[in-house]
Asks: 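What follows is a single structure, and I will ask about it in a moment.
For the numbers below, each heavy atom of this structure counts, side chains included, while hydrogens, waters and symmetry mates do not.
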Amino acid sequence: MVSPPPGAAAVARPRLCVGPAPRPLMGSQGRSGIPGNSGPGEGGETRELQEARVVRGKRRKGKGKAGAGQGGRGSGLEGKPVLQKAQEAAGSGTEAEAGAGPGQDSEAGGSVEEEARSIVKGDEGSVGAGKEAQGRHDGKEEERRVRTGRREDARPGKAQGQGGQAWGGIAGTGAAMAAAADEEAATREPAARPAAGPALWRLPEELLLLICSYLDMRALGRLAQVCRWLRRFTSCDLLWRRIARASLNSGFTRLGTDLMSNVPVKERVKVSQNWRLGRCREGILLKWRCSQMPWMQLEDDSLYISQANFILAYKFRPDGASLNRRPLGVFAGHDEDVCHFVLANSHIISAGGDGKIGVHKIHSTFTVKYSAHEQEVNCVDCKGGIIVSGSRDRTAKVWPLASGRLGQCLHTIQTEDRVWSIAVSPLLSSFVTGTACCGHFSPLRIWDLNSGQLMTHLGSDFPPGAGVLDVMYETPSTLLSCGYDTYVRYWDLRTSVRKCVMEWEEPHDSTLYCLQTDGNHLLATGSSYYGVVRLWDRRQRACLHAFPLTSTPLSSPVYCLRFTTKHLYAALSYNLHVLDFQNP
């Protein structure tokens with residue numbers, strides 16, 4: 001028997017310790033790996049050729065990179081044990097090569113480099129199989145993070161074999177879910193200031209507000225389209241306040257007082273453009289069968305309107321363009337039609353054609369009426385606990401609102417003319433009467449509220465019969481009037497009492513029955529023919545827009561009109577109209 005050459009045992013011993021290497025994954029093509037050790041009947045040369053062919057095939061496919069740190073591949077920490085095994089195998093192979101001597105590489109089963117490469121491939125295959133399960137687990141974690149809106153920025157890459165396919169499915173689903181999560185996060189959380197971009201956006205917000213305050217409405221709208229943070233920033237009320245004060249009916253008075261602080265200024269500016277352009281939708285809120293001369297008032301979300309000898313209270317629906325058909329309350333007490341009424345101190349003070357004044361508690365059934373004039377009471381006003389009334393009997397009277405003194409006349413004033421309109425000054429020191437201008441040359445006169453004495457009269461060039469049908473104080477020193485002479489006049493008592501500051505003429509020479517102002521730039525008037533409502537910009541002479549609400553057979557004056565920042569309400573002979581400027 002021939003004994004094995006010396007050193008053969010040294011070669012075989014390390015080979016037995018290493019053992020067969022596991023099959024590596026060969027990528028998406030599904031090839032089988034070559035065992036690390038040849039079988040008992042295989043030659044070393046054949047195994048070397050097979051391994052070299054596999055290595056060349058893997059290099060052509062561009063696969064087999066280990067320790068790349070991506071999904072489905074071995075990470076840097078997982079690659080360290082593989083390299084350690086490869087170094088140990090390399091060390092074993094070096095010892096074997098030193099002991100075997102020249103000419104024995106074929107019997108030992110290949111060189112040390114090929115042996116180490118086989119071990120690395122085998123371990124990489126096991127790592128790839130493990131990373132497939134790890135990839136699925138990480139995919140579920142990623143999906144959970146996307147659902148909660150806390151998706152991480154780093155996304156796993158493609159994986160080898162089945163692990164890569166699993167990550168591909170998760171990535172496709174994650175992209176769609178990430179978009180939905182971004183939309184949800186944008187509505188739930190305020191947008192963060194962009195970290196990149198022009199240095200201008202990294203300035204303090206106070207300085208940015210000062211810079212953007214010089215932009216106009218169009219520039220601010222374009223700036224809001226850049227990103228979510230700028231959209232939130234440009235929605236600040238401070239940036240839109242200056243623009244709103246120059247707009248029509250935006251809720252700001254001439255002195256800058258905000259009458260609607262609960263509504264964002266930007267939204268009011270949007271609606272004000274519809275007022276400026278005349279874009280609105282017309283509708284009818286109420287109808288009645290017989291012809292009437294209604295009067296109305298607005299308070300919060302309620303509408304009070306007179307019909308015959310009743311005053312009905314309706315509640316607006318949330319859209320503001322419709323009413324609940326069932327009235328909240330009905331206030332009666334007059335024997336004839338209600339000519340005029342006002343709301344003051346939770347009371348309704350009404351003037352009737354029967355010559356009586358009625359006092360009604362809004363939230364109770366308390367009602368008191370007393371004889372005030374010999375003929376019909378055409379107008380009434382109430383401020384600060386004082387009631388003033390004007391009648392067809394050519395007198396104006398002053399009454400207290402205190403419950404113990406109701407019906408006690410404080411002053412009786414002879415006006416020499418029928419009194420069509422009356423208004424108390426905001427300072428509670430005087431009141432103005434608008435008369436028929438038949439017995440006196442001036443229809444507008446101001447009276448002292450405490451003594452009842454004449455203080456002054458306004459204007460001096462009124463033609464006979466130029467009666468004033470509506471008058472209202474805007475500030476303690478300014479007031480507006482309109483009437484039979486087809487003019488709207490603006491008076492400033494600080495400038496002159498003999499000549500108005502500004503006037504606007506009705507284009508069709510129609511009598512102006514009523515007027516209303518937003519306290520700033522918008523003015524609305526109601527004409528006597530075809531129910532025409534006109535909008536005026538007080539910064540110009542010409543009429544801005546006209547809305548005829550009736551046709552020829554049903555021609556009717558606009559007896560009363562009121563408006564908010566979104567709607568205009570006009571009371572005619574047969575119905576109550578609404579112009580919706582919010583949803584034109």
Side-chain angles (χ1 to χ4, degrees), residues 255 297 339-352 355-360 368-437 439-460 467-468 470-481 489-498 500 519:
L255 301 177
Q297 298 288 350
C339 299
H340 199 281
F341 71 91
V342 293
L343 305 178
N345 301 332
S346 300
H347 291 81
I348 300 177
I349 295 92
S350 60
K356 297 179 181 179
I357 293 177
V359 179
H360 317 268
V368 173
K369 65 176 182 177
Y370 54 88
S371 296
H373 294 270
E374 297 177 358
Q375 297 183 21
E376 63 185 41
V377 184
N378 294 322
C379 53
V380 68
D381 196 11
C382 179
K383 283 186 178 70
I386 297 295
I387 302 173
V388 292
S389 60
S391 172
R392 193 182 184 93
D393 62 3
R394 302 184 180 185
T395 61
K397 294 186 179 183
V398 181
W399 313 83
L401 183 59
S403 58
R405 303 178 61 190
L406 285 176
Q408 298 179 10
C409 181
L410 300 178
H411 302 290
T412 300
I413 301 168
Q414 300 296 327
T415 60
E416 304 176 12
D417 271 329
R418 289 169 292 180
V419 182
W420 296 123
S421 57
I422 200 165
V424 180
S425 170
L427 295 179
L428 306 179
S429 59
S430 61
F431 67 95
V432 60
T433 58
T435 61
C437 195
H440 195 272
F441 66 92
S442 176
L444 286 171
R445 281 174 284 179
I446 299 178
W447 310 84
D448 186 83
L449 191 61
N450 296 320
S451 63
Q453 299 297 318
L454 177 66
M455 297 177 61
T456 185
H457 62 269
L458 303 179
S460 58
V468 175
D470 198 4
V471 61
M472 62 178 299
Y473 273 94
E474 192 173 37
T475 65
S477 57
T478 60
L479 53 90
L480 291 159
S481 65
R489 289 183 170 89
Y490 177 61
W491 306 87
D492 192 338
L493 305 181
R494 300 166 298 182
T495 303
S496 174
V497 295
R498 297 294 177 260
C500 63

Asks: Looking at the rings of F441 and H457, which for Trp means the six-membered one, are their centres under 6.0 Å apart?
Replies: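 Judged by ring-centre distance (under 6.0 Å), F441 and H457 do meet the cut-off.
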Asks: Distance-only, no hydrogens or angles: does the S389 side chain make a donor-acceptor pair with backbone N or O of V380 under 3.5 Å?
Replies: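 Checked: no pair found.
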Asks: So do the side chains of K369 and V359 get within less than 4.5 Å of each other, counting heavy atoms only?
Replies: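 In short, these two side chains do not touch, never coming nearer than 4.5 Å.
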Asks: Determine whether T415 and R445 make a side-chain contact, defined as any pair of heavy atoms from C-beta on separated by less than 4.5 Å.
Replies: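 Counting from C-beta outward, T415 and R445 do come under 4.5 Å.
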Asks: Would you check if C379 and W420 make a side-chain contact, meaning some heavy-atom pair closer than 4.5 Å?
Replies: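 Sidechains of W420 and C379: no contact.
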Asks: Taking CD in E374 as the centre, count heavy atoms belonging to other residues, nucleotides or ligands within less than 6.0 Å. Is the count above 12?
Replies: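 No, CD of E374 has 12 or fewer neighbouring heavy atoms, counting only those of other groups under 6.0 Å.
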Asks: Less than 4.5 Å apart, side chain to side chain, heavy atoms only: is that true for K397 and H411?
Replies: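 A side-chain contact is absent here, since even the closest heavy-atom pair is not under 4.5 Å.
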Asks: Quick check for you: to the nearest 0.5 Å, what is the distance between H373 atom NE2 and C409 atom SG?
Replies: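 The distance works out to 7.5 Å.
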Asks: Are any side-chain N or O atoms of H440 and backbone N or O atoms of D417, one a donor and one an acceptor, separated by less than 3.5 Å?
Replies: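 Not confirmed, H440 side chain does not pair with D417 backbone.
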Asks: Looking only at side chains, do S481 and R489 share a donor and an acceptor under 3.5 Å apart?
Replies: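 On atom types as modelled, these side chains do not qualify, holding no pair under 3.5 Å.
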Asks: Taking N345 for its side chain and H347 for its backbone only, find out whether a donor-acceptor pair lies under 3.5 Å.
Replies: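 Not a single qualifying donor-acceptor pair exists.
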Asks: Provide the closest heavy-atom pair for W491 versus V497 in the form atom of the first, atom of the second, distance.
Replies: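 Taking W491 first and V497 second, the nearest heavy atoms are CZ3-O, 4.2 Å.
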Asks: Do I357 and Y370 pass the side-chain contact (heavy atoms from CB on, under 4.5 Å) test, and can you show the C-alpha distance, the side-chain angles, and the key distance before you say yes or no?
Replies: CA-CA 6 Å; I357 293 177; Y370 54 88; 3.7 Å; yes
Asks: Kindly determine whether E474 and Y490 satisfy side-chain contact (heavy atoms from CB on, under 4.5 Å), including the steps that lead there.
Replies: CA-CA 10 Å; E474 192 173 37; Y490 177 61; 3.4 Å; yes
Asks: Of all the heavy-atom pairs spanning D393 and T395, show the shortest one and how long it is.
Replies: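 Taking every non-hydrogen atom into account, OD1-OG1, 2.7 Å.
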Asks: To check you understand the geometry: which heavy-atom pair defines the closest contact between T456 and R498, and what is its length?
Replies: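 Answer, listing the atom of T456 first, then R498: OG1-NH1, 3.9 Å.
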Asks: Quick one: does R494's side chain get under 4.5 Å of T478's, heavy atoms only?
Replies: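 Result yes, sub-4.5 Å side-chain heavy-atom pair found.
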Asks: Hey, does I387 have a side-chain heavy atom less than 4.5 Å from the side chain of D381?
Replies: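 The answer is no; the side chains never approach within 4.5 Å.
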Asks: To the nearest 0.5 Å, tell me how far R418 CZ sits from T435 OG1.
Replies: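 Rounded to the nearest 0.5 Å, the CZ-OG1 separation comes out at 10.0 Å.
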Asks: Run the side chain to side chain donor-acceptor pair (under 3.5 Å) test on S350 and H340 for me, step by step, so that the C-alpha distance in whole Å, both residues' side-chain angles and the decisive distance to 0.1 Å come before the verdict.
Replies: CA-CA 6 Å; S350 60; H340 199 281; over 6 Å; no
Asks: Measuring only between side-chain heavy atoms, which start at C-beta, is L458 closer than 4.5 Å to I446?
Replies: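 They are in side-chain contact.
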Asks: Set out, in order, the CA-CA distance, both residues' side-chain angles and the distance that settles side-chain contact (heavy atoms from CB on, under 4.5 Å) for L410 and R405, then state yes or no.
Replies: CA-CA 10 Å; L410 300 178; R405 303 178 61 190; 3.3 Å; yes
Asks: Taking Q375 for the side chain and G355 for the main chain, is one N or O donor matched with an acceptor at less than 3.5 Å?
Replies: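 No: the side chain of Q375 does not pair with the backbone of G355.
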Asks: Hey, could you give me the CG/CD1 distance between L401 and I349, rounded to the nearest 0.5 Å?
Replies: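 The distance works out to 5.5 Å.
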Asks: Please list, one pair per line, the donor and acceptor atoms closer than 3.5 Å that link side chains of residues 421-433 to other protein atoms, with sequence neighbours excluded.
Replies:
| unit_1 | atom_1 | unit_2 | atom_2 | d |
| --- | --- | --- | --- | --- |
| S421 | OG | V468 | O | 3.2 |
| S425 | OG | L427 | N | 3.3 |
| T433 | OG1 | W447 | NE1 | 3.0 |

Asks: Within a strict 4.5 Å, meaning less than it, do heavy atoms of the V419 and R392 side chains meet?
Replies: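 A side-chain contact under 4.5 Å is absent here.
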Asks: Run the numbers on V471 and L444 for side-chain contact (heavy atoms from CB on, under 4.5 Å), then give the verdict.
Replies: CA-CA 9 Å; V471 61; L444 286 171; 4.2 Å; yes
